[in-house]
Protein chains: 2
Amino acid sequence: MNTGVNLKELAAELKLSPSTVSRALNDSYEISEATKKKVISMAEKLNYQPNPFARSLRENKSKTIAVVIPERMSSFFSKVVDGIEEITQQYGYHLLVYSTHEDVDREKKIVNLLMNGRADAIIMSVSSQTSDISHLTRLHERGFPLVFFDRICSDIPTTKFITNDYESGFEGTKHLIQQGCRKIAFLMLSKELSITKDRYRGYLDALKQAGLSPEPQLNITCCQEEEENIESIRKLLDGPNRPDGILSSVEKLALATYHAVKRTHLRIPNDIKIISFFSNLSIASLLNPSLTTITQPAFNIGEECAKLLMKKLTKPRQPDLPNQVITIPSNITIRSSTIVV
Amino acid sequence: MNTGVNLKELAAELKLSPSTVSRALNDSYEISEATKKKVISMAEKLNYQPNPFARSLRENKSKTIAVVIPERMSSFFSKVVDGIEEITQQYGYHLLVYSTHEDVDREKKIVNLLMNGRADAIIMSVSSQTSDISHLTRLHERGFPLVFFDRICSDIPTTKFITNDYESGFEGTKHLIQQGCRKIAFLMLSKELSITKDRYRGYLDALKQAGLSPEPQLNITCCQEEEENIESIRKLLDGPNRPDGILSSVEKLALATYHAVKRTHLRIPNDIKIISFFSNLSIASLLNPSLTTITQPAFNIGEECAKLLMKKLTKPRQPDLPNQVITIPSNITIRSSTIVV
DNA sequence: TTGTATGCGTTATCAG
DNA sequence: CTGATAACGCATACAA
């Protein structure tokens, strides 16, 4: 739908050849300042816009990054994408954003679609259902630049950005123990997720250090149906083996927990204390009682992913993305959900 | 970074001409079933992926829609984008998503960037700062398909999707009046926004119908700084002309109001009742007290925008998008923030 | 039914 | 310093 002039027409108007005009606009050293000026002013006058597809075809790059996230309605992922955009925009890159809705099949379709080169790189966080990663391996083996954040694939040798999941899980659990909890539940989206594993290890080690033994019944694996999750948690709370503390490994399960607690006679923090990985600080302090949070540096994670990619994509002959995990620490903010006054 | 085979190579492998292969893959009627089968299976075997840019250049369309929203961290906009994606994905379209961060200058830059044809259409909701709309007029005058939702530009003759803003403002205000409110404040992001105007008209008419006179001091125009907004609202609440009801025209200002109330000695709903346009139902019922909401059909609005565009873009010789406003109604859910028990 | 030739709009190579 | 020409990968008009 680009109805504007093209290079040839612009050149005709200037009585110059297309190649000269192209070089002038690209600020080539072989063009005189005089003609550069003429060309640029005429281009502005006619509002010349280079056709991005011709350019992409020619240069074999799209100036586009694909971002693949499990869900849009999440303050964490929203902030990460904001962080990515903040950087990529400065380099004139565009963002294709896809949500997998936590569905591996959709994730596979999206990733396979992306193999055709529509984007120059992918920044992604895998779905909670993802265990078979062949679609991602294939992508990476083809040399496609791929960066993971938060929910990463350890087996794929590329750069990953995470927060200090283990330590945060450890410290969060330790905080609950210090507040008197002895039976601490762990809420997760899926056992497969990297964040689940790391946060859970931290949880286990904190229990161990305190001489507490983990109880399998206190590990709740949730699903995509909010109502179902609320009921799972409510049953735990109403059951014979009621926990006195909860560590939620993701934001939405903390909200589900609040809903579940409302359906019981329990009081937070007196009967049950709650801490959660949580990005929406404004909401955390409005919850009743306000929620003790482990805040992931979402925006910053997005920025770092993008900076790394911009460096790789905009400089000539960059090496492959190194196989390393970069950790940006979270902050624990203690609020009323874990402190009895 | 498309390292796969191209049409020519695929054709060579098959000992056919590129054009035959192209036609076979595009299911042309002039190709025999036998060769179609052969071509398709070889294409799969070699994992042939057509180059999207060559195709875009040739066909002068990108199979890409640009979505421009004022902010990502909003349940309303997240759901709209989800709704858009739900439809466009079925048609094999991709989504470029841009956030203006409520900044006209960024909005202008994005829109101007989009004029080069990188996307086949734009779905957008304008920033709260947008009053000069020349960038959008120019786009539309060039024949670029443009659809507005929620925060629309009435002056641009294209299709717009909104909720029943006037009625919802009216009914919301009426509800407050029925609950005994006599001094009702109206919170908005900006006087320029279409949603502000319509919701405000509804508010005014409801006051009028009840014989109440509007008071300019009860209209609060907010900004992008949450803390500043909270303080503006707190001052209103602590001031001599304290309202007994609040109609918030956007989600984030309802949250700011809850923060503000926490800084006063007032109680919701006894001293002040609150109703708000609000999309995040899970949060609404967790707030303390739970928030009476006017829920916009966000996902549905996204779907409708996308359906309209898909129809226009995928069928040959479609007329221009008609100049009309399509309204999808909101639902009011009464919760504790407006009902004294 | 299949093959040949052309052009989409750019940039790069090569000549002048 | 500037111009002519080719090529990127694909789809189509035209030819066979």
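Labels below follow one simple rule: chain letters A, B, ... track the order of the sequence lines, proteins then strands, and each chain is numbered from 1.
- Taking all atoms of both residues into account, the shortest heavy-atom contact from A:S99 to A:R72 is CB-NH1, 3.6 Å.
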Original post:
In dot-bracket form, how is DNA chain C paired, counting a Watson-Crick or G-U wobble pair only if both its distances are under 3.5 Å and using | for bases paired to another strand?
Top reply: ||||||||||||||||

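- Between the CZ atom of B:R58 and the P atom of C:dG7 there is a distance of 11 Å, given to the nearest Å.
- Looking at residues 21-42 of chain A, you'll see A:S22, A:R23, A:N26 sit with a heavy atom under 4.0 Å from some atom of DNA chain C.
- Here the C1' atom of nucleotide C:dC8 and the CG atom of A:L7 are 13 Å apart, to the nearest Å.
- Annotation: side chain of B:L95 is not in contact with side chain of A:V97 (no heavy-atom distance under 4.5 Å).
- Once you apply a 4.0 Å limit to the heavy atoms of chain A, the touched nucleotides of DNA chain D run 5' to 3' over D:dC1 to D:dG9.
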Name each donor-acceptor pair under 3.5 Å that joins a side chain in residues 8-20 of chain A to protein atoms two or more places apart or in another chain, with its distance.
unit_1 : atom_1 : unit_2 : atom_2 : d
A:E9   : OE1    : A:N6   : N      : 3.1
A:S17  : OG     : A:S19  : OG     : 3.0
A:S17  : OG     : A:T20  : N      : 3.3
A:S17  : OG     : A:T20  : OG1    : 3.0

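- The separation between B:K15 atom NZ and C:dT2 atom C1' is 17 Å, rounded to whole Å.
- Contact between B:F53 and A:S62 at its shortest, heavy atoms only, is CZ-CB, 3.3 Å.
- Summarising the geometry of B:F149 relative to B:S125, their closest heavy-atom pair is O-OG, 2.9 Å, with the distance given to 0.1 Å.
- Donor-acceptor pairing under 3.5 Å is lacking for the side chains of B:S78 and B:S75.
- Rounded to a whole Å, the NZ atom of A:K8 is 8 Å from the P atom of C:dG9.
- For the salt bridge (charged side-chain N to carboxylate O under 4.0 Å, His left out) condition, the pairs that include at least one residue of residues 123-134 of chain B, sequence neighbours left out, are B:K108-B:D132.
- Note: CG (B:N60) to C1' (C:dG7) measures 13 Å, nearest angstrom.
- Across the interface with DNA chain D, nearest-nucleotide mapping of B:S19 and A:A54 shows A:A54 to be the residue nearer the 5′ end.
- Distance check: A:L146 CG to A:I123 CD1 gives 10.0 Å after rounding to the nearest 0.5 Å.
- Using modelled atom types, one finds a donor on one side chain and an acceptor on the other under 3.5 Å when comparing A:E107 with A:T130.
- Under the 3.5 Å distance criterion, with hydrogens and angles disregarded, no donor-acceptor pair is assigned to the side chains of A:H101 and A:E71.
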Contacts under 3.5 angstrom, residues 305-325 of chain A side chains, donor-acceptor by atom type, not counting sequence neighbours:
unit_1 : atom_1 : unit_2 : atom_2 : d
A:K312 : NZ     : A:P319 : O      : 3.3
A:T314 : OG1    : A:M310 : O      : 2.5
A:N323 : OD1    : A:K160 : NZ     : 3.1

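- Separating the CG atom of A:N6 from the C1' atom of C:dT10 is a distance of 10 Å, rounded to the nearest angstrom.
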